[in-house]
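Below, chains carry the letters A, B, ... as their sequence lines are ordered, and counting in each starts from 1. Basis for what follows: all heavy atoms, side chains included, without hydrogens, waters or symmetry-related copies.
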Amino acid sequence: MLDITMIRENPQVVRAALEKRNLDPGVVDDLIRLDLERRSYLAEVETLKAERNRVSKEIGSSKEKSEREEKINAMRQVGDRIAVLDESVRQADTNLRDLISGVPNIPDDSTPLGKDESENVVIRTIGEKPVFNFDPKPHWQLGSELGIINFDQGVKISGSRFYVLSGAGARLQRALIAFMLDLHIRQQYTEKYTPFMVKAETLFASGQLPKFVDNLYHDVEEDFWMVPTAEVPLTGLHMNDFIEESDLPLRYTAYTPCFRREKMSAGRDVRGIKRGHQFDKVEMYIFCKPEDSQHELEKMLSDAEETARLLGLPYRIVQLCTGDLGFNARVTYDIEVWAAGCNEWLEVSSVSNVGDFQARRANIKYRSENGKTQLVHTLNGSGLGLPRALIAVLENNQQADGSIRIPEILQPWMGGITEIR
RNA sequence: GGAGAGAUGGCCGAGUGGCUUAAGGCGCCUGUCUUGAAAACAGGUGUGGGGCAACCCACCGUGGGUUCGAAUCCCUCUCUCUCCGCCA
């Protein structure tokens with residue numbers, strides 16, 4: 001969420017930001033109008049409240065009966081007027097909040113201008129694509145033949161877009177999770193295990209609600225929401241907190257399943273395990289001082305890169321352009337790994353600097369040296385999305401006979417086996 | 001699921017309708033004293049919002065209500081604790 005004071009003082013900055021994202025800048029005028037309206041109600045009602053407070057005090061100390069009666073009657077009328085104005089302020093507040101919470105973050109100057117994902121910029125490509133002396137198979141074929149991915153059973157118990165991992169496949173995914181968590185712990189992140197169901201308030205704090213309500217699973221009866229990413233509970237950990245300056249930066253990592261309705265993406269990526277309603281992910285999350293967020297972004301990116309590098313996966317770093325940038329983000333780098341079987345770059349990680357956008361929604365502050373309270377900056381990034389990392393590991397390490405070599409780095413979690421066959 | 005108790009500022013804790021629009025203590029900051037520190041003493045010390053400013057408004061778990069006036073009275077919900085029941 002953007003700061004209304006900032007919008008009031010720099011409307012042209014916000015208009016320009018919306019234009020860069022190919023969105024209508026007209027909302028800025030609506031915001032300014034609503035803000036003006038709200039402040040005018042506020043000024044009036046506060047004057048009346050001051051008067052009521054003053055006179056009520058006089059009533060308390062007054063001995064003269066007729067004088068008391070007179071003042072009580074006058075204040076009764078002031079009270080009625082206050083009630084009306086309070087309602088107007090409340091209404092203006094709600095309208096303003098509804099509108100402003102739908103406005104996306106302002107892209108950082110370093111984010112390249114562009115209309116959509118076709119104008120994202122490849123920053124660098126690391127590693128060599130594997131070469132085969134046979135036709136590499138896609139993971140859905142490899143997985144079915146080896147009996148480690150069972151699509152039919154997933155459909156049988158849950159419906160389309162679900163699958164079951166079996167035997168060494170299930171174990172390999174678990175190995176990836178453990179490897180990533182252990183790596184991030186070495187990289188100075190504290191592991192967290194969080195609830196997978198949260199309150200609506202928590203989703204609002206991290207920016208998923210109200211805008212992305214269509215992508216979320218919701219238990220209406222208990223009002224629990226399934227997390228679409230660990231970013232949600234991790235942001236929520238410090239909702240309404242003051243963090244000690246000496247504790248910053250706070251770096252967290254968490255494994256969670258992620259639940260997404262994928263309503264918008266119906267019909268996309270239907271083959272294999274690339275896109276489902278449920279997937280696993282290891283996330284990194286950082287709370288830091290504003291002046292450190294650029295530096296922390298670089299750290300997080302290199303930490304995510306190390307994951308791909310240690311797994312021996314060829315990858316490239318793509319910087320998102322303004323037209324493709326997510327709602328919360330100021331800068332985003334995607335990491336894409338090469339998958340030899342389906343012959344494409346798979347987005348496995350998205351590392352973003354969110355600035356104070358989430359911190360304002362979530363009300364997360366610290367006190368700086370000069371005694372002023374300030375919003376923290378937050379960053380988030382996947383330590384790699386599991387199904388896609390799994391796809392790349394399976395496809396890139398396949399052998400002519402359909403067996404799969406297990407990367408050395410994962411073998412400690414695989415009980416000593418070096419191949420799946 | 002049932003019964004009871006509770007929720008006040010960074011922390012502890014007083015406060016059952018108006019000299020309390022939050023006492024007192026701890027902690028923290030500043031000053032005096034000291035070679036320095038401690039102790040003692042004095043002053044200061046919540047958050048958000050409005051206003052150029054003086055200053056004003058809101059906030060005592062949440063949301064409503066009663067009243068000229070609510071931390072205080074009434075209703076709702078949430079959470080915590082104790083006991084009972086059920087339970088992986």
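- Between the C1' atom of B/rC57 and the CD atom of A/Glu51 lies a distance of 14 Å, rounded to the nearest Å.
- Using a distance-only test at 3.5 Å, with no hydrogens or angles considered, a donor-acceptor pair links the side chain of A/Ser349 to the main chain of A/Ser382.
- Seen from the ring of A/Tyr315, A/Arg309 does not count as a face-on cation partner, given the 6.0 Å and 45° thresholds.
- Under the Watson-Crick or G-U wobble criterion, with both distances below 3.5 Å, B/rC28 is paired with B/rG44.
- Across the strands present, B/rG9 finds no partner; the criterion is a Watson-Crick or G-U wobble pair with both atom distances under 3.5 angstrom.
- Judged by distance alone with a 3.5 Å cut-off, no donor-acceptor contact links the side chain of A/Glu46 to the base of B/rG51.
- Considering only heavy atoms from C-beta on, A/Ile409 comes within 4.5 Å of A/Phe179 through its side chain.
- Contacts classified as salt bridge (charged side-chain N to carboxylate O under 4.0 Å, His left out) and involving residues 138-155 of chain A (residues at least two apart or in different chains) are given here: A/Lys137-A/Glu145.
- Contact check on A/Glu344 versus A/Lys274 returns a salt bridge, with a Lys/Arg side-chain nitrogen under 4.0 Å from an Asp/Glu carboxylate oxygen.
- Both distances falling under 3.5 Å, in either a Watson-Crick or a G-U wobble arrangement, occur for no nucleotide opposite B/rC52.
- B/rG18 is paired with B/rC68 under the Watson-Crick or G-U wobble criterion, all donor-acceptor distances under 3.5 Å.
- Base pairing of B/rC77: its partner is B/rG61, meeting the Watson-Crick or G-U wobble criterion (both donor-acceptor distances under 3.5 Å).
- Computed from coordinates, the A/Asp241 CG to B/rG10 P distance equals 12 Å when rounded to whole Å.
- Listed pair A/Arg39 / B/rG51 meets the phosphate criterion, a side-chain N or O lying under 4.0 Å from OP1 or OP2.
- For B/rA37, there is no paired nucleotide, since no Watson-Crick or G-U wobble pair has both relevant distances below 3.5 Å.
- B/rG61 atom C1' lies 12 Å from atom CD of A/Glu201, rounded to whole Å.
- Going from the P atom of B/rG43 to that of B/rU47 covers 22 Å, rounded to whole Å.
- Pair assignment for B/rC83 gives B/rG2, based on Watson-Crick or G-U wobble hydrogen-bonding distances that are each under 3.5 Å.
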Q: Could you run through nucleotides 63-81 of chain B and give me one letter per nucleotide, 5' to 3': B if any protein heavy atom sits under 4.0 Å from the base, S if only the sugar-phosphate is that close, - if neither?
A: -----BS------------
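- The only member of A/Tyr285, A/Tyr252, A/Tyr366 that meets ring pair (Phe, Tyr, Trp, His ring centres under 6.0 Å) when paired with A/His238 is A/Tyr252.
- In this structure, CG of A/Leu48 is placed 11 Å from C1' of B/rC57, rounded to the nearest angstrom.
- At a threshold of 4.0 Å, the pair A/Glu87-A/Arg90 counts as salt-bridged, since one of the basic side-chain nitrogens sits closer than that to a carboxylate oxygen.
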